[in-house]
Amino acid sequence: MAVGIVLVLVAGLATFLLLRSEDGGEQEESTATSETTAAPDTTTIEPEDDPAPIAGQSELEATVAELSRFVADARGAPFPEPVTVELLDGDAFNDRLLADFEEEREEIELVGRLFVAMGLLERDQDLFEIFRAFLGVGVLGFYDPETGELVVRGAAITPYTRSTIVHELVHAHDDQRFELHRPELDYAVDESGLAFSSLVEGNAVRIQQAWERQLSSAERADLQREQLKSVAGIDFGEVPLVLLQQIEFPYSTGPVLVEALLEEGGEARVDAAFDEPPTTSEQVIDPERYLAGEGPLPVPAPPADGAVIDEGSYGQLTLFI
């Protein structure tokens, strides 16, 4: 799900985790972060203007064509084929986003049981329902590698909508060239799925940030205002910290990996990583491990004190949490 659906959450999540750390909350230290994690300067926000007009199809197509050129230039390669973007608002967006979510119930409930066993979740907390409610207000857009659908929440072309489209277009570009739908990672019992998500999201975040840097000061203020508004409906206090940390990781730490790849060999090295991606959170947190080819060490399974409900391995991120 992290690869296919849960996209563009980092601004709200990273800000929440940073402020919680500064306030002396549960998180005492942070994993490596990108510049997206900086808390917004709310003192610069002006009162909201009248809402932007609803976008017509021709305006949307022109916007997508313009932003596609930006992404292609940033990645150093054209799109193999054009991408169609849909704008949906309110219930229509959530219905599309959560259409197949019920199919994930068994897997998410199992994760919830594991979190309870590790003391990261209370027994009366329903991780499936918490996750579904969170996605319903927290996701701004998604690209589905299985179907090629690219859907963004909203009805108007604003700086925030454009920023979201840029992020999702990077996913579409990488998918067309390297195939992001990798079923073998969906239910992997190690960190290979998380590590691949970090590469995917890290690449999208760094190009999204490059696009945002070339905005005017007025456009950045509009973008910042919408960022704050997008997380206003989320009660982060009701979301288990472990869930926030797991979702946030690819967006905040993935760019660290991608920057190391760029320093090593530019866009060509980033491209090569999609063919042989990292497999552990350690390789994402410390890219030198990945560049040196240092993978996970085998760890023998300990004896179980009861019935085995699942088995696999955790790495540096979960040990940190």
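When reading the values below, keep in mind they use all heavy atoms of this one structure, side chains included, and skip hydrogens, waters and symmetry mates.
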Not counting sequence neighbours, which residues clear side chain to side chain donor-acceptor pair (under 3.5 Å) with Ser58? List them please.
none

Side-chain contact test, heavy atoms from C-beta onward, threshold under 4.5 Å: evaluate it for Val151 versus Leu97 and give yes or no.
no

Please tabulate, one pair per line, all N/O donor-acceptor pairs under 3.5 Å involving side-chain atoms of residues 304-315, not counting sequence neighbours.
none

Residues Ile321 and Val242: closest non-hydrogen pair is CG2-CG2, 4.0 Å

So which heavy atom on Ala172 is nearest to which on Val83, and how close?
CB-CG2, 3.8 Å

Would Ser197 and Glu201 satisfy side chain to side chain donor-acceptor pair (under 3.5 Å), going step by step from the backbone distance to the final call?
CA-CA 6 Å; Ser197 294; Glu201 296 299 346; over 6 Å; no

Side chain to side chain contact (heavy atoms under 4.5 Å, CB included) assessment of Glu226 paired with Thr158
CA-CA 9 Å; Glu226 287 193 79; Thr158 66; 2.7 Å; yes

Step by step, would you call Leu180 with Phe196 a side chain to side chain contact (heavy atoms under 4.5 Å, CB included)?
CA-CA 9 Å; Leu180 299 187; Phe196 182 63; 3.9 Å; yes

Can you name the side chain to side chain donor-acceptor pair (under 3.5 Å) partners of Asp100, sequence neighbours left out?
none

Does one side chain, of Thr63 or Glu66, offer a donor that lies under 3.5 Å from an acceptor on the other?
no

Would you say Thr161 and Thr164 make side-chain contact, with heavy atoms under 4.5 Å?
no

Report the C-alpha separation of Arg225 and Lys229 in whole Å, then their side-chain angles, then the decisive distance to 0.1 Å, and conclude whether the side chain to side chain contact (heavy atoms under 4.5 Å, CB included) test is met.
CA-CA 6 Å; Arg225 182 187 301 112; Lys229 183 179 178 181; 5.7 Å; no

Partners passing side-chain contact (heavy atoms from CB on, under 4.5 Å) against Ser68 (at least two apart in sequence or in another chain)
Val64, Phe79, Leu169

Contact check, side chains of Gln208 and Val170, non-hydrogen atoms, under 4.5 Å
no

Min side-chain heavy-atom separation His171-Leu150 under 4.5 Å:
no

Beyond-backbone contact of Arg96 with Glu86, side-chain heavy atoms, under 4.5 angstrom:
yes

What donor-acceptor contacts under 3.5 angstrom involve side-chain atoms of residues 270-280, with partners at least two apart or in another chain?
from   : atom 1 : to     : atom 2 : distance (Å)
Asp271 : OD1    : Arg75  : NH1    : 3.1
Asp271 : OD1    : Arg75  : NH2    : 2.7
Asp271 : OD2    : Arg177 : NH2    : 3.2
Thr280 : OG1    : Gln283 : N      : 3.1

If a pair satisfies salt bridge (charged side-chain N to carboxylate O under 4.0 Å, His left out) and one of its residues is in residues 277-294, list it, with sequence neighbours excluded.
Glu282-Arg289, Asp286-Arg289, Arg289-Glu294

Is Glu212 close to Arg220 at the side-chain level, that is, under 4.5 Å between some pair of heavy atoms?
no

Closest non-hydrogen atom pair between Pro250 and Pro255, with its separation:
O-CD, 3.8 Å

Indicate the atoms forming the closest heavy-atom contact of His173 with Pro78, along with that distance.
NE2-O, 3.6 Å

Counting C-beta onward and ignoring hydrogens, is there a side-chain heavy-atom pair between Asp190 and Pro296 closer than 4.5 Å?
no

Enumerate the salt bridge (charged side-chain N to carboxylate O under 4.0 Å, His left out) contacts for residues 133-142, please, sequence neighbours excluded, ordered by first and then second residue.
none

Side chains of residues 106-114: which donor-acceptor pairs under 3.5 Å do they make with residues two or more places apart or in other chains?
from   : atom 1 : to     : atom 2 : distance (Å)
Glu109 : OE2    : Arg105 : NH1    : 3.2

Quick one, Tyr160 with Asp222, criterion side chain to side chain donor-acceptor pair (under 3.5 Å). Give me CA distance, side-chain angles, the key distance, then yes/no.
CA-CA 8 Å; Tyr160 202 24; Asp222 287 341; over 6 Å; no

Which residues share a side chain to side chain donor-acceptor pair (under 3.5 Å) with Thr147, sequence neighbours left out:
Glu149

Please list, chain by chain and in numerical order, all residues satisfying ring-ring contact (aromatic ring centres under 6.0 Å, His included) with Phe93, sequence neighbours excluded.
Phe142

Ignoring hydrogens and angles, tell me if any N or O in the side chain of Ser281 forms a donor-acceptor pair with the backbone of Leu317 under 3.5 Å.
yes

Could you pull out the closest heavy-atom pair between Ala92 and Leu88, with the gap in Å?
O-CD1, 3.9 Å

Taking the side chain as C-beta and beyond, is there a heavy-atom pair between His167 and Leu140 under 4.5 Å?
no

Please list, one pair per line, the donor and acceptor atoms closer than 3.5 Å that link side chains of residues 117-133 to other protein atoms, with sequence neighbours excluded.
from   : atom 1 : to     : atom 2 : distance (Å)
Gln125 : OE1    : Glu122 : N      : 2.8
Asp126 : OD1    : Phe128 : N      : 3.1
Asp126 : OD1    : Glu129 : N      : 3.3
Glu129 : OE1    : Arg132 : NH2    : 2.9
Glu129 : OE2    : Arg132 : NH2    : 2.8

List the steps, then state whether side chain to side chain contact (heavy atoms under 4.5 Å, CB included) holds for Ile285 with Val256.
CA-CA 7 Å; Ile285 295 168; Val256 176; over 6 Å; no

Can you name the residues that form a side chain to side chain donor-acceptor pair (under 3.5 Å) with Asn203, not counting sequence neighbours?
Asp174, Arg206

